[in-house]
Participant: 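Could you have a look at this structure, given as structure tokens, before my questions?
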Amino acid sequence: MNIRASERLNIDDFLVGESYDGPCLDHDGKITESFIESMVVHFKNGKQIHKRFVAQILLRVKKIFEELPNICEVSIPNGSTFTICGDIHGQFFDLCNIFEINGKPTHDN
């Protein structure tokens, strides 16, 4: 029987030391706008988030993707624009620039 790595992952195994000064997620892993803003500032300062929070984000995103259809139809109202952001090849500051130009991702954006 094949067991996926995500099924073996135990968030409690990732202990966050007292020296960590970055953004934190609660045990439930709910990703808030405040967390994202703190994470972006942390990245801009050349720092990384703790692997515990990386694992929580990946597990949350995995769950979201599993619940979504493979293909979505998107209606764009007249006078509106739609920006597709493809692979930025790990260029974090390019992504930040895209957000500055087009706005942050939201349900409506």
Side-chain angles (χ1 to χ4, degrees):
M1 174 172 68
N2 291 332
I3 299 175
R4 294 181 175 152
S6 61
E7 294 169 357
R8 293 187 312 231
L9 196 60
N10 182 359
I11 295 300
D12 293 328
D13 290 342
F14 299 97
L15 302 177
V16 180
E18 290 182 22
S19 63
Y20 177 70
D21 66 348
C24 300
L25 287 171
D26 291 334
H27 189 67
D28 69 358
K30 184 174 182 187
I31 301 167
T32 64
E33 187 173 343
S34 174
F35 172 79
I36 292 171
E37 289 172 359
S38 296
M39 186 174 60
V40 168
V41 169
H42 204 65
F43 290 156
K44 284 183 177 180
N45 289 326
K47 298 181 179 182
Q48 298 177 348
I49 62 171
H50 193 276
K51 60 186 173 184
R52 175 188 182 107
F53 309 122
V54 172
Q56 283 179 287
I57 291 168
L58 291 174
L59 289 174
R60 178 61 60 124
V61 169
K62 178 183 177 290
K63 182 178 179 184
I64 291 169
F65 283 152
E66 288 174 342
E67 294 171 357
L68 291 174
N70 289 340
I71 298 174
C72 301
E73 288 190 33
V74 178
S75 298
I76 305 166
N78 289 336
S80 296
T81 59
F82 187 79
T83 302
I84 297 174
C85 179
D87 189 347
I88 57 170
H89 300 280
Q91 299 302 312
F92 172 71
F93 289 100
D94 288 348
L95 179 63
C96 290
N97 188 46
I98 290 168
F99 290 162
E100 286 178 26
I101 293 169
N102 297 291
K104 295 177 186 174
T106 63
H107 184 66
D108 297 328
N109 189 18

Participant: In the single-linkage hydrophobic clustering (I, L, V, M, F, W, Y; side-chain heavy atoms under 4.5 Å), do V74 and I84 co-cluster?
Facilitator: yes

Participant: Could you measure the distance from the CD1 atom of I88 to the CD1 atom of I98? Nearest 0.5 Å is fine.
Facilitator: 6.0 Å

Participant: Nearest heavy-atom pair of L25 and I31: which atoms, and what distance?
Facilitator: CD2-CA, 4.1 Å

Participant: Which side chain to side chain donor-acceptor pair (under 3.5 Å) pairs, counting each pair once, include a residue from residues 41-55, with sequence neighbours left out?
Facilitator: D21-K47, H27-R52

Participant: Tell me which pairs pass side chain to side chain donor-acceptor pair (under 3.5 Å) where either residue lies in residues 80-91, with sequence neighbours left out.
Facilitator: T83-N102

Participant: Tell me whether the count of non-hydrogen atoms from other residues, nucleotides or ligands lying under 6.0 Å of CD in E7 goes above 12.
Facilitator: yes

Participant: Hydrophobic clustering (ILVMFWY, side-chain heavy atoms < 4.5 Å, transitive) - are L68 and V61 grouped together?
Facilitator: yes

Participant: For the CZ atom of F35 and the CD1 atom of I49, what is their distance to the nearest 0.5 Å?
Facilitator: 4.5 Å

Participant: Among residues two or more places apart or on two chains, list those pairs meeting salt bridge (Lys or Arg N to Asp or Glu O under 4.0 Å) that have a residue in residues 61-86.
Facilitator: K62-E66

Participant: So if you build clusters from Ile, Leu, Val, Met, Phe, Trp, Tyr with side-chain heavy-atom gaps below 4.5 Å, do M39 and V16 land together?
Facilitator: yes

Participant: Counting only heavy atoms not in F65 (residues, nucleotides, ligands), do more than 12 fall under 6.0 Å from its CZ?
Facilitator: no

Participant: For the residue pair F53 and Y20, does the interplanar ring angle fall in the parallel (under 30°), tilted (30 to 60°) or perpendicular (over 60°) class?
Facilitator: tilted

Participant: Are F92 and L58 joined in one hydrophobic group, where the rule is that I, L, V, M, F, W and Y side chains link up if heavy atoms are under 4.5 Å apart?
Facilitator: yes

Participant: Short question: side chain of D26, backbone of D28 - any donor-acceptor pair under 3.5 Å?
Facilitator: no

Participant: Could you grab the distance from atom SG of C96 to atom NZ of K104, nearest 0.5 Å is fine?
Facilitator: 10.5 Å

Participant: Can you hop from F14 to I57 via hydrophobic side chains spaced under 4.5 Å?
Facilitator: no

Participant: Do you know the tightest heavy-atom contact between K30 and R60?
Facilitator: N-NH2, 3.8 Å

